Each structure stands twice: as structure tokens, then as C-alpha cells.
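Accompanying notes for the structure given below.
Everything quoted here is computed from the prediction, not taken from an experiment. Proteins come first, then strands; the chains are lettered A, B, ... in the order of their sequence lines, and each starts at number 1. What's counted below: heavy atoms across the whole structure, side chains too, no hydrogens, waters or symmetry copies.
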Amino acid sequence: MRFAASPIRGLRPRGPRSRTQSTLGRTTAGALAPRRTCFAQWNPRMLERNELMRQRLAKIAAVRAAGQVPYPNDFVPTATSTDAYAWFAADPLRLAPFSAIAETSEPVLDAGAVKLPAPWTRMAGRVLAINVKGKVAFLRVQDRAAVHLPAARKNDDDLRETAGLERRNQEGATFQFFFSRDADPETFDALFKPTEGAAWDGPRLDIGDIVGGQGRYFRTKTSEPSLHLAANDEPALRILTKAVRPLPDKWHGLSDTETRLRQRYVDLIVNDDVRETFRRRAKVLQGIRGFLDRAGYVEVETPMMHPILGGAAARPFRTHHNALDMPLYLRIAPELYLKRLVVGGIERVYEINRNFRNEGLSVRHNPEFTMLEFYRAYATYEDLMVEVETLIAELAVAVAGSTTVTWGKNADGTPRVIELQAPFRRVKIRDGLREWGGLTDAQIADEGALRKKAEELGVHIDSHASLGKVQVELFEAIAEPHIVQPTFVMEYPAETSPLARRNDQQPDFVDRFELFIGGIEISNAFSELNDPVDQHERFEAQLLQKAKGDEETMEMDLDYIRALEYGLPPTAGCGIGVDRLVMLLTNSENIREVILFPHMRPELAQKADNAEQTSGDGAGA
RNA sequence: GAGCCGGUAGCUCAGCCGGUAGAGCAGCAGACUUUUAAUCUGUUGGUCGAGGGUUCGAAUCCCUCCCGGCUCACCA
């Protein structure tokens, strides 16, 4: 019943299209209903095929029918778009319109037209726009190097201005192919014009296809750097991969957040800023590794599956090992393993990898996130402050080009400017509560007074929270507007930091800092507790907290105690939330903008359900 | 987990005081030998997120559910 329309559509008179329909019948239209049922059987998602996709599938069938390979893999490009733009910028002669001649020739002036030698070049990429104008066609092609083009294009524009030409308003990071029918009439007609009597008589090239073209560089009448396609022993332009699905609107692009994140591949194709964000993310990782490697740190990988929960206060994901029949946690932090390695003599050690925390999602939280942790023997948390601010300033220059970055907006809507030049400000929790919260020393030591203040401010504080935890939470609420610029917050109470070393003068506090930038926590570090007896007692205190109902406590890790008993050198360790750092350096306010595939509810649940109903109907009809 | 907002053509969106769907782009057909969101002419394309209810009649009103966004809660 649901398919009642299909045969009608198939039989509907199409005028000039009817011949095509009958020709196509073998491949799609004639077997429409049975094929649909078949799709439903092997993959429900195939039901999404629409008219546009059926046309494109027909084009692939037409290529096959002509005895050609629809997905060839023998095309090897000799230049990227970056190479091409560099060639145009390399010689002032190439700034104005010209046509190309063989690279062995000398520049000539022929009938008023400038001709410059240009190398025979092969380029490949995805077609983002097609503009056929009679017997010439313009293609906008995107390749792997195109991510670098915003800068290259700007340079190109600067050069054009220098040369007295108007600035081009090129859309996106692409390179242009120019195809004149004269150069290869057979290919031109096959790709852009209907062909009488062929299996598919319409154009074969679509936006979204991957193509390979060959020819010589030249500039169009309007000075656009282009590749002038020409036939050689092979066609001037070949489709290397046919896209079955159409790309989003060339002007509005893809803006629906859900689709962007679920189909990140499309997002990356059509949104230049997304490609740029992840290129920068790669540079951040590269920069971190370079910085630490130069400082003599060794990169390691420790277990992601932990038998014992530890290293942070967080709820875990649980999993199970079948053969051993034992429960395992996905790690919430690598800390305890990394310090075992320092015991083992790797005195400077770091790991960049995923942590998993079973908590809610937000603009700043993804269940799996990338954490850098590094540990340095014979150093204190104060040494690490210097190391961290140096690292971040260096990364900012490498990735964003300056220690001054903009991130988000101020209350008045203007861009918020953040200065990442070292040194960063240092603030003690107690001082913050006093100065920004208007609290007296007596109040700060009085849990009741602090909770009352929290209530006044509308800050929710867990009833299990100890005095120290109340102090920290209240501080974070009060200080937030004051810690837009990078700030090290220090003097954390011991009970909130079971792995940190006590301060020698004030044993109720630990030698720890958290780094806040733009109001979000970027880093957490402390001098490590290396007294095995104290560590054992603190684990026991954690167990006591757990008994009271705190779900985010650590478990007793006797092997870690044993490691400490062998002797952990005086060590300081630091964790940096890499995703959040990338957010800062890419002006992304949502963590999902810096994670390629952020966690989302599965999309197939509903679709499969729908498809089931549909195929059920189909079988009945 | 709670509150608010949203889901309409491949994409971006109108339509939402009930009368069975529109635009632009993409697609298809035609014209055009240097375009820049090319232009001009014609045209195809829709289980209006899913299910149920009210009604002669539902994209529109009501209920339930699914998915997403924002804010909050928990956290880094």
C-alpha cells in the first residue's frame, strides 16, 4: 500500500524522458519496487535513496555499460592546490591573465594575448561547483591541500592588489579547473551534455564527484588561477569517484548541528572553518609532543582498562572481560600508572590519551575526552606552573599565531580577548573568597557560614561535601567572572586532593594548582604525595567518603602503595584537558566542535524502526 | 535527570488563527566559448520526526514517544 505510488510513477508519461526511462529500466526504474524491498532486506538505510541518488546511480551504470571502470584508481596527481597557487605567486609575470604554452617555450605575445610557459600538471579533488557556460566549463575543485588555502588565497589577493588588479572574492578553499570544449570535445560532451543514444543521456559529472584533470596552468580573463584542461593520451578530465549522494546547498552549506556532527565527513567537505579547527587541533598535539620531547619527557601508553578505580574523582564506565570473567573500568585517569613509571625510573613521562567519565554531556564535557598528563621528578607544582604557562603561550603562537586570542564574547557582545603571554596570574582560594566573596577568615573556616553564602548566591553544594570541598566549590562560583584571563588557583584543601602532597607549613592544604582560562578549568597539577603511609591513610579516608554515599571516590590501590614503598622521587604532575585547550585556541565555545565524532545518541534506532515498518508494508503489498 | 525551543524537498528555510504543501540552491531539458552564489526559459522532486486522538477535513489543535539545540544539575 505504501508503494502504490511507485508503479504509477514508473508508468507516468515523461515525454522526451521516456526513452531514458526505458533505457534505465534495466538498472533502476523498471525493477523499482522489487529493488526497494531488496534494499530493505539488506540495509534499511538504502531506503533513503531519492530521485537525485537514483539518477547518479544510473550514471554509474552507464559508465559500466560503456565498458569503463566507474571507480578507477590509476590517476596520480602531480600537484596540489597549494603547489598550484605557489606556482602562480612565484613570478610577477603570472599575476595577470595569460594563456599557457609548453614549459620549454619562451614567453610570447601573440595577437595581443600574453602566453607564458607553464608545466603540464595533473590535479585531483572533489568538485564543489560546476559552472557550464556554453562550450566552456568552470569547476571548483577541493583537494587535501585546500585546507591551507585561506592564507594562500589572501597572499594571492595581496599580490593581485600589488599588480593593480581587483581582489578576488573566491568562495572556499578550492582551485579552479577550466575546460574548453575545443580541448577535448568528446570528454566535454560526455561529462556536460546529454548524449543521444547512450545508456545515460544526461550529463555525467555532478557536484560532489572526485575528478582528476590534466593540463597547464593559466589565468582566466578575470585573473583566476586555473588549470586549463587538455587531452593527452588520456581524457582532459576523468571522474575518479562518482558521488551518489548530493552535497548540501553551495551557498547555505550545512548548518544543522545534528547533521554536521553525525555526518562529520560532509561537514569537513563543505565547511572550511571546520577543516581549519581540526588542522589546528593536530598542531596542538604536535606542539605538545614537541615541547615535552625537547624537555626530555618520554611518551608512554598505560592501560585504558583498569581493574581498580583511581587517579581522579569521577564516576566510571564499567565493562567486563569474558575470558577472565572479571569486571573492568574504562579509565578515568592515567595518573597512578604514570607515577608507577616514575618509580620505575622514567623520571619525565607523559601520556596523551582518552579518559572516560560516566557523566552528563555539556558544552564542556564529552564522555570520552583527551587528557595530557605529564610527571616530572625533582620538581614541584610551582615548577610546573612555569612549564604550563610556557607551553600554552608557545602553543598559542604556533597554532593561533599570537599569545593574544579571542574566545567567546563578553557580556556586551564584544569578542572576549584572552592574553596567554606568560606569566599567568596566581590566586589562592582563601584570597579569592576574601576579596571577591567578601568573606572573613572566620567565615571561610566555618562550613555553615559558607553554605549560607552559597545559598544566597544560588550555588548548589552537595550535602556530602566536606569543608574543603565547600570552600572550593564556593570559590569556583564566586571567582568565575574574575578568572577569564589565565589564572593559577592554589591552596586546595587536603581532603579534596587525596593524591597530592601536603604543604609543609599548612598540612591541611596541598601543593596544588588548577589553571582556569575563560572561566573553564584547563589544567590541574600538584606536587605528588610520595609518602606511602600517608597515601594509605588517604585512600582509607576515600573509602569512608564512599561509605557516606559519595559516588566519586577512589578505591584502595594496594599495588600503587607498594610502588610508593619502593620510593617515588619527589615529583610534580600535571593534567591538561586537551579538548578544552583546543577550544581556547580555535575559538570554539562547544567541546563538540573540537572532537571529530562527539558522543551522540544513536541515530539508527528510529530509522531501523521505521524501515522495519516500511519493509513490512512492502512485503504485504 | 529538569525546563524552554526546534524537527516541512538532497541542503537552507517559509507555511502553523484547521480546507490535503511553497521559495532559493541542487537535479532534469534548452540557450550561452572566461564564470565567481553566472544568467535566462521550462520542469521533476515531499510517509510535513513517529504513533495515537479531536474533526467532515490536521503540516497546523491535543496526548505519548523519538531525535536535536540551549539553559540548569553532575563533572575536567
Side-chain angles (χ1 to χ4, degrees), chain A residues 1-3 5 9 12 14-17 20 47-56 97 99 129-140 168-172 174 176 178-183 188 193-194 201-203 206-208 218-224 226 228 245-262 266 270 312-315 332-333 355 357-367 369-371 458 460 462 514 516 520-524 551-552 575-580 590-592 600-603 605-607 609-610 613-614 617:
Chain A
M1 164 175 181
R2 205 170 281 272
F3 287 139
R9 181 185 299 159
R12 185 186 299 158
R14 291 289 187 104
R17 305 297 309 148
T20 303
L47 286 169
E48 286 180 24
R49 289 181 182 201
N50 56 26
E51 187 61 35
L52 272 62
M53 291 174 68
R54 280 197 292 274
Q55 282 171 2
R56 292 179 174 214
S99 52
I130 302 172
N131 188 358
V132 184
K133 191 175 184 301
K135 294 190 172 54
V136 296
F138 301 87
L139 306 182
R140 214 150 66 204
R168 288 247 56 87
N169 181 26
Q170 288 178 19
E171 174 63 32
T174 55
Q176 178 166 276
F178 175 88
F179 194 178
S180 168
R181 187 176 181 279
D182 298 341
F188 188 93
K193 299 290 179 193
D201 68 353
D206 285 298
I207 292 170
F218 85 116
R219 271 188 198 264
T220 61
K221 206 183 265 179
T222 54
S223 279
E224 172 114 359
S226 308
H228 197 301
R245 285 183 189 270
L247 284 179
D249 184 292
K250 66 181 169 188
W251 185 243
H252 297 98
L254 180 64
S255 60
D256 180 68
T257 308
E258 181 179 355
T259 312
R260 281 188 46 233
L261 300 180
R262 287 194 194 281
V266 182
V270 301
R315 292 199 294 199
I332 55 173
N355 287 350
R357 300 192 182 175
N358 207 337
E359 290 147 2
L361 286 69
S362 82
V363 291
R364 286 165 199 184
H365 299 83
N366 195 58
F369 62 100
T370 300
M371 183 81 148
H460 171 82
D462 193 88
E514 289 195 5
F516 288 83
I520 62 177
E521 186 188 337
I522 296 286
S523 174
N524 178 20
E551 290 183 71
E552 296 170 350
I576 292 180
V578 173
D579 309 290
R580 290 180 173 182
N590 194 318
I591 197 167
R592 295 181 314 173
M600 299 185 83
R601 282 194 168 83
E603 132 188 71
Q606 192 193 347
K607 302 253 185 192
D609 189 47
N610 293 345
Q613 292 175 17
T614 310
D617 281 9

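For the C1' atom pair drawn from B:A29 and B:A37, the interatomic distance equals 22 Å after rounding to whole Å. Of the P atoms belonging to B:A38 and B:G53, the separation is 49 Å, rounded to the nearest Å. With C1' as the reference atom, B:G42 and B:U47 are 29 Å apart, rounded to whole Å. Straight-line distance between the C1' atoms of B:U20 and B:G10: roughly 24 Å, to the nearest whole Å. Here, B:G19 and B:C28 have their C1' atoms 33 Å apart, quoted to the whole Å. Between B:C48 and B:C61, the distance separating the two P atoms is 16 Å to the nearest Å. Comparing the P positions of B:A21 and B:A59 gives a spacing of 9 Å, expressed to the nearest Å. Spacing of C1' atoms, B:C70 relative to B:C25, comes out at 29 Å, to the nearest Å.
The CZ atom of A:Arg357 sits 6 Å away from the P atom of B:A76 (whole-angstrom rounding). One interatomic measurement links the two molecules: CZ of A:Arg601 to C1' of B:C65, which rounds to 12 Å at whole-angstrom precision. In this structure, the CG atom of A:Asp206 is 10 Å from the C1' atom of B:A26, given to the nearest Å. Distance, A:Phe138 CZ to B:U39 P: 14 Å, rounded to whole Å. Note: CD1 (A:Ile130) to P (B:G27) measures 7 Å, nearest angstrom. One interatomic measurement links the two molecules: CD of A:Gln55 to P of B:U43, which rounds to 17 Å at whole-angstrom precision. We find that NZ of A:Lys133 is positioned 11 Å from C1' of B:A31, with the value rounded to whole Å. Per the geometry, CE belonging to A:Met53 stands 17 Å off C1' belonging to B:U44, to the nearest Å.
The main-chain N or O of A:Thr370 is found under 3.5 Å from a side-chain atom of A:Asp579 such that the two form a donor-acceptor pair. A donor-acceptor pair is defined here as one N or O able to donate and one able to accept, closer than 3.5 Å; no such pair exists between the side chain of A:Asn355 and the backbone of A:Phe369. Here the side chain of A:Thr222 pairs no donor or acceptor atom with the backbone of A:Thr220 at under 3.5 angstrom. Side chain of A:Ser226 to backbone of A:Arg219: no donor-acceptor contact under 3.5 angstrom is found. Checking side-chain atoms of A:Arg580 against main-chain N and O of A:Ile522 turns up no donor-acceptor pair under 3.5 Å.
Here the side chain of A:Thr222 is nearest to one of B:U36, B:U12, B:G10, namely B:U36. The nucleotide whose nearest atom lies closest to any side-chain atom of A:Ser180 is, among B:U33, B:A38, B:C13, B:U33. Among B:U36, B:A76, B:U33, the nucleotide with an atom closest to any side-chain atom of A:Thr220 is B:U36. Of the candidates B:U34, B:U36, B:G10, B:U34 carries the atom nearest the A:Phe218 side chain, counting heavy atoms from C-beta on. Candidate nucleotides B:U34, B:U36, B:G10 were compared by shortest atom distance to the side chain of A:Glu224, and B:U36 ranks first. Distance from the side chain of A:Phe369 is smallest to B:A76 among B:C32, B:U33, B:A76. Closest approach to the A:Arg580 side chain among B:C70, B:G27, B:A76 is made by B:A76 (side chain taken as heavy atoms from C-beta onward). For A:Lys193, the side-chain atoms get nearest to B:C32 when compared with the rest of B:G27, B:G1, B:C32. Relative to the side chain of A:Glu359, the nucleotides B:G27, B:C74, B:G68 differ in distance, and B:C74 lies closest.
Counting atom types as modelled, A:Glu51 pairs no side-chain N or O with a base atom of B:U44 as donor and acceptor under 3.5 Å. A:Asp182 contributes a side-chain N or O that forms a donor-acceptor pair with the base of B:U33 under 3.5 Å.
Across all strands shown, B:C56 forms a Watson-Crick or G-U wobble pair with B:G19, both key distances being under 3.5 Å. Across all strands shown, the partner of B:A2 is B:U71, judged by Watson-Crick or G-U wobble contacts whose two distances both fall under 3.5 Å. Here B:C40 sits opposite B:G30 as a Watson-Crick or G-U wobble pair (both hydrogen-bonding atom distances under 3.5 Å). If you check B:A50 for Watson-Crick or wobble pairing at under 3.5 angstrom, you find it paired to B:U64.
The side chain of A:Arg260 places no N or O atom within less than 4.0 Å of a non-bridging phosphate oxygen (OP1 or OP2) of B:G68. The phosphate of B:C74 has neither OP1 nor OP2 within less than 4.0 Å of any side-chain N or O from A:Asn358. Contact annotation: A:Arg56 side-chain N/O to B:G27 OP1/OP2 distance is not under 4.0 Å. For the OP1/OP2 pair of B:G10 and a distance below 4.0 Å, the side-chain nitrogens and oxygens of A:Arg245 include no atom meeting the criterion.
Closest-nucleotide positions on RNA chain B for A:Gly134 and A:Ser255 were compared, and the one nearer the 5' end corresponds to A:Ser255.
Residues passing the side chain to side chain contact (heavy atoms under 4.5 Å, CB included) test with A:Asp182, sequence neighbours excluded: A:Ser180. Contacts of A:Glu521 classified as salt bridge (charged side-chain N to carboxylate O under 4.0 Å, His left out), with partners at least two apart in sequence or in another chain: none. Annotation: salt bridge (charged side-chain N to carboxylate O under 4.0 Å, His left out) contacts of A:Arg181 (sequence neighbours excluded): A:Asp189. In this structure A:Asp206 satisfies the salt bridge (charged side-chain N to carboxylate O under 4.0 Å, His left out) test together with A:Arg56, A:Lys59, A:Lys242, sequence neighbours excluded. The side chain to side chain contact (heavy atoms under 4.5 Å, CB included) test applied to A:Ala313 returns A:Glu552, not counting sequence neighbours.
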Please tabulate, one pair per line, each protein N/O and nucleotide N/O from nucleotides 22-25 of chain B that are separated by under 3.5 Å, including the distance.
from  : atom 1 : to       : atom 2 : distance (Å)
B:G24 : N2     : A:Asp249 : OD2    : 2.8
B:C25 : O2     : A:Asp249 : OD2    : 3.2

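Residue contacts shown for A:Met371 are absent, as no nucleic acid heavy atom lies under 4.0 Å away.
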